[in-house]
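Single-structure report; data block below.
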Amino acid sequence: MGVLRAMRARPHDVDGDELDAAGNLLRRAGRGDQVSFAELYDQLAPMVHGVVLKVVRDPAQAEEVTQEVFVELWRLAARFDGTKGSARTWAATVAHRRAIDRVRSEQASRDRLQRDAAHVVREHDTVVAEVESSLEQARVRKALGQLSDLQREAVELAYFGGHTYREVAVLLDVAEGTVKSRIRDGMIRLRDELGGES
Amino acid sequence: MSDIDVHHLAAAYALDALDDHERAAFEAHYRSCEVCHTDVSDFRATLTQVSSAMAVPPPESLKDRVLAEVAVTRQLSPAVVPAVMHIDLAARRRARTVSITLAAAAAVVAVVIGVLAFSGRSQSTYANDLARVLEQPDARMVDLQNKSGTAGSFKVAWSKGLGEAVLIGENLPPAPSDKAYELWLVTPQQSMAMSVLDPATGGNVHRTVKASADPSAWAITVEPKAGSPVATGSIIYVANV
């Protein structure tokens, strides 16, 4: 069932009509339409929860953050500007930012750094392994595979580990400038592989 | 930070991998930088695809909790702030009393003190001010929405607890002759003049001001060069808090 739900959420499906549909649902939600918002929740919750869970890790806290994200989307729905990106990208951006706020606000962030330092080798294949094998997921996995190990490691530690690039530099014991370059080069390659979403 | 350095932060910014200070610096820059704007949008869209491929459905029960909270959560309006400003000014007109005049006079004094105290501060002092504000547990930061359609961006970071606000303006067009930008801290009760922003400082303005009130909005108007104790010009930048 996990695969089915995930497939429903895959970006390929939301590229065309469904993308607009999410934007329309969000606009209707912005006028106080709770039914449209419930539909929007169904469309976006797996993606939002996936990214939050990946960053926060603790399932109970991840649920709290996912709830915060949707309440935030509801609160801000009237300010959604479709010309600046899709509703799905907006939701992903809010979700990641909220998850990051949660992990950085904890004094646990030091513990997180230590834990990740211990697992940094094991860590960087985990994300690739977790990408399940629907067509779209295969595409993302292939794109991640196009990054050099060093690039992928830096991008994943930043995005899913929730670390700043300076923290990533400490974790990997390399210069900050080196990490900045790996992150930038990695993201450019990922963008070239996956393209935009429109 | 050089321009090139700032451009190279777009990927790290999209990954939320900047600390608060660098994030503030990058945000001040990127809205007026077309290259960075496109980069950030692209990178976010790319990351959305990666995230979508890792979707994990939350427990069924979460939906009910979300919808229950949504049912009792007020939504923000798309652009209510100018209305807040008008109501505020109308209220002032109705209740134009000696105490209001005194408050206005006090505001002018505050502006003068603020300008004297903070003009001519170095860039590094500004960076320290910003860092000090952002370190506060109650620190907030907002982008002011550009209502005039001209170039330039403003953001304000503040901490009520610390009683300070840092204004960051970038790529601003010069104010009309004999005019200056003026920053307002708007509360439901009044609009407080915070600082006159000298157009002679050119495109970039960094200003630290005392601000202990709880803002419902920040706004910038064009006022006579000497500053005005009450807002007379139209709002050109605004952020609802």
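We name chains A, B, ... by the order of the sequence lines, and we start the count at 1 in each one. This one's a predicted model, so the numbers in the text were calculated from it and none came from an experiment.
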Determine the option with the most heavy-atom pairs under 4.5 angstrom with chain A, choosing from B:D39, B:T73, B:L18. B:T73
Ignoring hydrogens and angles, tell me if any N or O in the side chain of A:Q146 forms a donor-acceptor pair with the backbone of A:A143 under 3.5 Å. no
I need the residue from A:W74, A:Y159, A:F80 with the largest number of non-hydrogen atom pairs under 4.5 Å to chain B. A:W74
When rounded to the nearest 0.5 Å, the distance separating CD of A:E63 from CZ of B:R65 is 5.0 Å
Assert top hit (heavy-atom pairs under 4.5 Å, partner chain B, pool A:K84, A:E193, A:R184) equals A:R184
May I ask you to check whether B:Y13 and B:E22 show a side-chain donor-acceptor distance below 3.5 Å? no
Report the option among A:V52, A:T93, A:V51 that has the most heavy-atom pairs separated by less than 4.5 Å from atoms of chain B. A:T93
Sequence neighbours left out, what passes side-chain contact (heavy atoms from CB on, under 4.5 Å) with A:D33? Give chain and number order. A:R28, A:V35, A:S36
Which bit of A:R182 comes within less than 4.5 Å of chain B, counting heavy atoms only: side chain, backbone, both or neither? neither
Contact part of A:I188 toward chain B, heavy-atom cut-off under 4.5 Å: side chain, backbone, both or neither? both
Contacting region of A:Y41 [heavy-atom separation from chain B under 4.5 Å]: side chain
Calculate, to the nearest 0.5 Å, the distance between atoms CZ and CD belonging to A:R102 and A:E64 respectively. 4.5 Å
Among B:R44, B:E69, B:K63, the residue with the most heavy-atom pairs under 4.5 Å to chain A is B:K63
Among all residues two or more places apart in sequence or in another chain, which pass the side chain to side chain donor-acceptor pair (under 3.5 Å) test with A:R98? A:E68, A:E72
Below 30° counts as parallel, above 60° as perpendicular, anything between as tilted: where do the rings of B:Y30 and B:F26 land? parallel
Let me know if A:I100 has heavy atoms under 4.5 Å from chain B in its side chain, its backbone, both or neither. side chain
Chain B contact via A:L53 - side chain, backbone, both or neither, heavy atoms under 4.5 Å: side chain
